[in-house]
Amino acid sequence: MTAESTNPDNHETHRHGYDFAAVEAKWQRHWLAGAIFAARNDAARRKAYVLDMFPYPSGAGLHVGHPEGYTATDIYCRYLRMTGHDVLHPMGWDAFGLPAEQYAIKTGTHPAITTRANVATFRKQIQALGFSYDWNREVDTTDPGYYKWTQWIFLQLFKRGLAYTAEVPVNWCPALGTVLANEEVIDGKSERGAHPVVRMPMRQWMLRITAYAERLLGDLDGLQWPEGIKAQQRTWIGRSEGAEVDFAIEGGLGVLRVYTTRPDTLFGSTYMVVAPEHPLVEAMTTDDRRGEVQAYVAAARSRSDRERTDDSRQKTGVFCGRMAIHPCTGAPIPIWVADYVLGGYGTGAIMAVPAHDSRDFAFARAYELPIRQVVSPTGQPLPEPLQAAYTDDGVALDSGPFTGLPTAQFKRAIAAWLVERGLGEPKVHWKLRDWVFSRQRYWGEPIPIFYPVVERDGTALQHGQLQPSDVAQLIAQGAARLDYERPMPVPETELPLRLPQTDDFAPTGNPEPPLAKCHAWRYFTQQGAWYARETNTMPQWAGSCWYYLRYLDPNNEAALASPEAIARWLPVDLYVGGAEHAVLHLLYARFWHKVLFDCGVVHQAEPFQRLVNQGMILGEDGEKMSKSRGNVINPDAMLQVFGADAFRLYEMFMGPLEAVKPWATAGLHGTRRFLNRVWALFDKPVVDAPADDATLRALHKTIAKVGDDTRELRLNTAIAAMMALLNDLVRLPNLPRSVAEPFVLILAPYAPHLSEELWERLGHCASLAWQPWPAHDPALCVDDTVEIPVQVNGKLRGKVVVAKDTAAAELERVALADPQVAKWTADKVVAKVIVVPGRMVSVVVK
RNA sequence: GUCGGAAUGGCGGAAUGGUAGACGCCGCGGACUUAAAAUCCGCUGAGUGAAGACUCGUACGGGUUCAAGUCCCGUUUCCGACACCA
C-alpha cells in the first residue's frame with residue numbers, strides 16, 4: 001500500500017482510485033530534473049527522428065487538437081526508446097506571426113512580451129501531459145539566435161539567384177492604413193471593419209520556387225505520405241504538357257503565341273482570347289474599340305484574384321477589333337480580351353475551342369461566337385447544336401490531313417507539324433508560382449538586405465553631418481531615394497540582423513512596413529555613404545521551413561547545425577501534424593531543404609520521410625470546435641478531473657489517429673476507470689510463482705499486438721488489447737511478477753506516469769523509460785486448441801474445438817460429425833468440402 | 001466540376017476474403033450502502049420463440065467466390081482540399 005491510499009486526508013482520491021495528480025506531478029518533475037529524455041547519441045544504435053509540427057503559441061493556449069498528434073508521437077517515441085533506438089523528439093515555437101502584432105497594436109504590449117508569456121503557457125500545458133520531449137533542444141523562431149540562421153538561409157537563396165524583387169500587387173486598405181494578408185481580405189473588404197481594400201503593385205521579395213518545380217514533383221513519389229497530401233501537392237505544382245502555337249495577327253502586328261494542352265483541337269479554334277494584362281492588348285486594339293477595351297482592362301485590374309476566379313460569375317470580354325490568322329486554315333478569327341484568361345499562366349493567351357473546352361463553350365454561347373466540332377468519340381460529329389463542350393479524347397474530324405487520328409496520335413503528329421513549320425513547339429507549363437516572400441509587418445524576421453541611398457542624380461548620398469532622421473527627411477522630400485536596383489546582402493558575419501526595439505507598431509498610414517519608421521535602425525553609413533535597410537519582413541512560413549534542422553544542434557553559433565548532427569539524425573523519420581499544412585508549409589520546407597541540399601548543407605533530397613496527419617477532433621455536437629459554437633473543450637479542465645494518463649489514453653482510444661472524430665467527455669470515464677482498475681490490480685499479492693498457461697498466452701499475445709500496433713500507430717487497438725488483458729488479469733487470485741512487469745512495461749508508453757509509479761512499486765529504482773520492451777514468445781501467441789467455424793452453404797452452422805494443428809482430413813471428419821452441422825447436411829448430398837486447417841470448414845450440400 | 005477520404009449497434013469504433021460488432025461509452029438488472037456516488041457482477045444489433053434455435057443485418061443496386069464489411073462494376077450521401085491554370 002502506498003501513502004496516498006492509506007492517508008485519511010486523501011480519502012477523496014482513494015475512493016476514485018489513486019491520486020493521479022500527485023503521481024503525475026511526481027514523475028513529470030523526475031523526468032525533467034533528470035533530463036531523462038535528452039536524446040542519446042550512440043552511433044552504434046539505430047536512430048529515430050520523430051517530429052511534431054510545432055505550434056504557434058496563441059494566447060488561447062492549447063486546445064484538445066494539439067495533444068492528439070503529440071500524444072501519438074510521444075507513445076511512439078517511448079516505444080522506440082524501449083526497443084533500442086536513440087530518439088530525437090523535440091518541441092519548439094513558431095512564434096512570429098500576426099496575432100501577437102495585432103495585439104501589440106491594440107494594447108501597446110510588445111509582441112516579444114506577449115510571445116514570451118504565451119510560450120510559457122504552452123510549455124507548461126504541454127509538460128502537464130507528460131510528453132517525453134528533449135527540452136534541451138527547444139527552439140523559438142523569434143529568438144535572434146534562431147532567426148540568425150533563417151536569415152542566413154535567405155542569403156544563400158539570394159546568392160543563388162533564388163530571391164529577387166518584383167512589383168506584385170498587395171492588398172492595401174487605406175482606412176486601416178495598412179497592407180493586409182490575403183486571408184484578412186474577404187470579398188474585397190477588410191476582415192476587421194469591412195473597409196474597402198485596393199490592389200496596388202508594390203516591390204516585393206520573391207523566392208524562385210518554380211526553379212524547383214520538377215524536383216518538388218518528382219521526389220514526391222518516394223515519400224511515405226498520405227496519398228491525399230501528395231495529390232494536393234501535385235495539383236498545386238500543376239505540371240501540364242501541351243504546345244505553344246503562334247497565330248499571326250492581321251495588320252502585320254507580329255504573332256500571338258498561345259499555350260494549349262489540346263493542340264489536337266487546333267482546327268476547332270474559332271476565336272482567340274488574351275488576358276487583360278497581356279502586353280499586346282494595347283497594340284492589337286483598333287481605334288474604334290479603344291474606349292471599350294480600356295474600360296474593360298481597367299475594371300479587370302481593380303478586381304481581386306478571388307473575384308476574377310469566381311466560378312459562378314458570368315464570363316465577360318470585349319472584341320479588340322483585330323483578327324488573327326489560323327495557322328492551318330488561313331481563316332481570320334477574332335481576338336477577344338477576357339479575364340477568364342489569366343495573365344500569369346502559360347502565355348496569357350489562348351486559342352478558344354468552344355466545341356471542346358467548357359469555358360470557351362460558355363463564352364462562345366454568351367457572345368454568339370462560332371462553335372466548330374473537331375473531335376468526337378467515333379469520328380462522326382455529335383448532333384448539333386452541342387449542349388456542352390465535348391472535352392474527352394476521341395477521334396479527329398474536319399482536321400485536314402489529321403482527320404481520323406485518335407487524340408493521342410494527333411498530339412504527337414501536330415507537334416512535329418508545328419515544329420517543322422516554325423509555328424510552335426511542345427511545351428511544359430506549371431501552375432506553381434514564385435513565392436511572395438515579403439510581408440509589410442513588424443513581427444517577423446528582418447530581410448538581411450540593404451540598398452544604397454542616392455541623390456537625385458544617382459550618386460551616393462555622402463555621410464556629411466546627417467543623422468538617420470535627416471536622411472529619412474531627404475527621401476520624403478524627394479531629394480534622395482533608395483537604389484532598389486542594387487540590393488546588397490548583409491554580411492553573414494553581421495547576422496543576426498535584429499529587429500529594432502520599438503513601441504511604435506502602428507500602421508504607417510501608407511503601404512510601407514512599420515520598420516520604415518525606425519530611422520535609426522534603417523539608415524546607416526558605411527565608408528562614408530548612406531545605406532538603408534530593407535523594411536519588409538519574412539512571412540511566418542520562413543521560420544517553420546527549417547526548424548527541424550535547428551533541433552539537431554540548437555545552440556550552435558557557427559552553423560545552423562553541425563555536419564555531425566545532420567549526418568546522425570536526418571531525415572525526419574516520422575512527421576505528425578495537421579492536414580491544413582498539406583501544401584504550403586510542407587512545400588516550402590521541401591523547397592528550402594532542396595536548396596540546402598544543393599548548398600551541401602544536408603545530404604538527402606527530402607526532409608520528411610513518413611508523414612501522418614492526425615484527424616481533427618470535433619466538438620461533442622459533431623461540429624468543428626469554435627468559440628462561437630460554444631463547443632470548445634478545454635484540456636486543462638479535462639486534466640484536472642481525469643489526469644494526464646487518462647486524457648492521453650482517451651485521445652488515442654477515440655479512433656484511428658488519422659480519422660476525424662467527435663469528442664465525448666463521457667469516454668474519459670472509460671479510460672479513467674481502466675487506469676484505476678490497473679492500479680487496483682496491484683492490490684493483489686505480487687507473487688514469484690509462474691503464471692498459468694491461459695494467462696501467459698493472453699499476456700504474450702497482448703505484448704505482440706501492442707508492439708505491432710504501436711509501430712503502425714494503431715494506438716486505439718493497442719489500448720483495447722491492454723484493456724482486454726486487464727479484464728483477464730483481474731480474475732486472477734494473485735499477480736505473478738512475470739505478468740505484472742511486462743504488463744507495466746507495455747502500458748508505459750501510453751500511461752507513463754502510472755506505469756512509472758507501478759514500476760517503482762514493483763521494486764525498481766530506475767525509470768522504466770529505457771527498459772527493454774518485453775519479448776513475446778511466438779509459441780505462446782497461438783492457442784493449442786482452436787474453435788473452428790463450420791459453414792454449410794455459406795452459413796455458419798456450427799463450431800468445433802480441435803487441436804490447432806489438426807490435419808485437414810481429420811478436421812473435415814470432426815466438422816461433418818458435429819451434431820449442429822449434421823442437422824444441415826442430413827438428407828443432403830455433400831458436394832464439396834473446403835477445409836482451411838486452423839481456420840475454418842465450409843461444406844457445400846445439394 | 002476535379003482530386004483525396006469515408007459510410008458497420010443508441011454512440012466512438014474493431015475485424016490477414018474465413019465465427020461481424022473486439023474494446024469502450026450510454027442504458028438496463030443485480031450486489032454492497034440507511035441512501036446516493038464510487039466500486040463489483042451480469043445483460044445489452046433487430047426480429048421470432050418458453051427454450052433449443054431460427055431469420056434478418058456492415059449506405060444502395062449488381063457481380064466474382066464454397067465464403068464478401070473486406071475484391072470488382074455502378075449509384076447515393078457525407079467530410080476534406082482544389083477550383084476559369086487553357
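The figures here come from the full heavy-atom set of this structure, side chains too, leaving out hydrogens, waters and symmetry mates. Only a predicted model underlies this, so the values are computations on that prediction, with no experimental measurement involved. Each chain gets a letter, A, B and so on, in the order its sequence line appears, and its residues count up from 1.
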Considering every strand and a 4.0 Å limit on heavy-atom distances, what is the contact class for [X]: base, sugar-phosphate, or nothing?
X: A:Arg239; answer: nothing
X: A:Lys230; answer: nothing
X: A:Ala231; answer: sugar-phosphate
X: A:Trp225; answer: nothing

Taking [M] as the reference, what is the distance to [N] when you measure between their [atom1] atoms (whole Å, please)?
N: B:G17; M: B:G24; atom1: C1'; result: 28 Å
N: B:C60; M: B:A68; atom1: P; result: 15 Å
N: B:C78; M: B:G27; atom1: C1'; result: 28 Å
N: B:C79; M: B:U65; atom1: P; result: 38 Å
N: B:A7; M: B:G21; atom1: C1'; result: 16 Å
N: B:G69; M: B:U58; atom1: C1'; result: 5 Å
N: B:U8; M: B:G57; atom1: C1'; result: 10 Å
N: B:C25; M: B:U44; atom1: P; result: 16 Å

For B:A86, take OP1 and OP2 only and decide whether either is under 4.0 Å from a side-chain N or O of A:Trp430.
no
Quick one: salt bridge (charged side-chain N to carboxylate O under 4.0 Å, His left out) partners of A:Lys411, sequence neighbours excluded?
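Residues passing salt bridge (charged side-chain N to carboxylate O under 4.0 Å, His left out) with A:Lys411: none at all.
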Starting from [atom2] on [N], measure out to [atom1] on [X] and report it in whole angstrom.
X: A:Arg234; N: B:C82; atom1: CZ; atom2: P; answer: 17 Å
X: A:Asn676; N: B:A38; atom1: CG; atom2: P; answer: 12 Å
X: A:Leu675; N: B:U39; atom1: CG; atom2: P; answer: 13 Å
X: A:Ile237; N: B:C3; atom1: CD1; atom2: P; answer: 18 Å
X: A:His581; N: B:G80; atom1: NE2; atom2: C1'; answer: 15 Å
X: A:Glu227; N: B:C3; atom1: CD; atom2: P; answer: 13 Å
X: A:Trp336; N: B:A86; atom1: CH2; atom2: C1'; answer: 18 Å
X: A:Lys795; N: B:G57; atom1: NZ; atom2: C1'; answer: 11 Å

If you assign A:Ser240 and A:Val730 each to the RNA chain B nucleotide with the nearest heavy atom, which residue ends up on the more 5' nucleotide?
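Looking at RNA chain B, the more 5' nearest nucleotide goes with A:Val730.
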At their closest point, which heavy atom of [X] faces which heavy atom of [Y], and how far apart are they?
X: A:Phe247; Y: A:Met272; answer: CD2-SD, 3.3 Å
X: A:Leu266; Y: A:His326; answer: O-NE2, 2.7 Å
X: A:Leu586; Y: A:Leu611; answer: CD1-CD2, 3.7 Å
X: A:Asp783; Y: A:Val786; answer: O-CG1, 4.4 Å

Syn or anti for B:G9, with syn set at within 90° of 0?
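Syn, since the glycosidic angle lies within 90° of 0.
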Produce a footprint string for nucleotides 11-25 of chain B: one letter per nucleotide, 5' end first; B if the base is under 4.0 Å from any protein heavy atom, S if only the sugar-phosphate is, - if neither.
-BSS-B-BB--BBSS
Given B:C41, B:A53, B:A86, which nucleotide is nearest the side-chain atoms of A:Tyr259?
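Minimum distance to the A:Tyr259 side chain belongs to B:A86.
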Using the side-chain heavy atoms of A:Leu342, tell me which of these nucleotides is nearest: B:C82, B:A86, B:C41.
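The nucleotide sitting nearest to the side chain is B:A86.
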For RNA chain B, which consecutive runs of 3 or more Watson-Crick or G-U pairs (each distance under 3.5 Å) count as stems?
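Correct response: B:1-7 with B:76-82, B:10-12 with B:23-25, B:27-31 with B:39-43, B:45-48 with B:53-56, B:59-63 with B:71-75.
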Only one of A:Thr347, A:Ile350, A:Ile335, A:Val245 forms a side-chain contact (heavy atoms from CB on, under 4.5 Å) with A:Leu256, so which one is it?
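When side-chain contact (heavy atoms from CB on, under 4.5 Å) is applied between A:Leu256 and each of A:Thr347, A:Ile350, A:Ile335, A:Val245, only A:Ile335 qualifies.
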If the plane angle is over 60° it's perpendicular, under 30° parallel, otherwise tilted; pick one for A:His356 and A:Tyr390.
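Geometry flag for A:Tyr390 against A:His356: perpendicular rings.
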Could you please spell out the steps behind the side-chain contact (heavy atoms from CB on, under 4.5 Å) verdict for A:Ile746 and A:Met722?
CA-CA 8 Å; A:Ile746 62 172; A:Met722 289 187 281; 4.1 Å; yes
Neighbour count above 12 (heavy atom, 6.0 Å) for A:Gln640 CD
no
Whether over 12 other heavy atoms sit under 6.0 Å from A:Lys804 NZ:
yes
Aromatic contact between A:Tyr271 and A:Tyr367, with the criterion being ring centroids under 6.0 Å apart: yes or no?
no
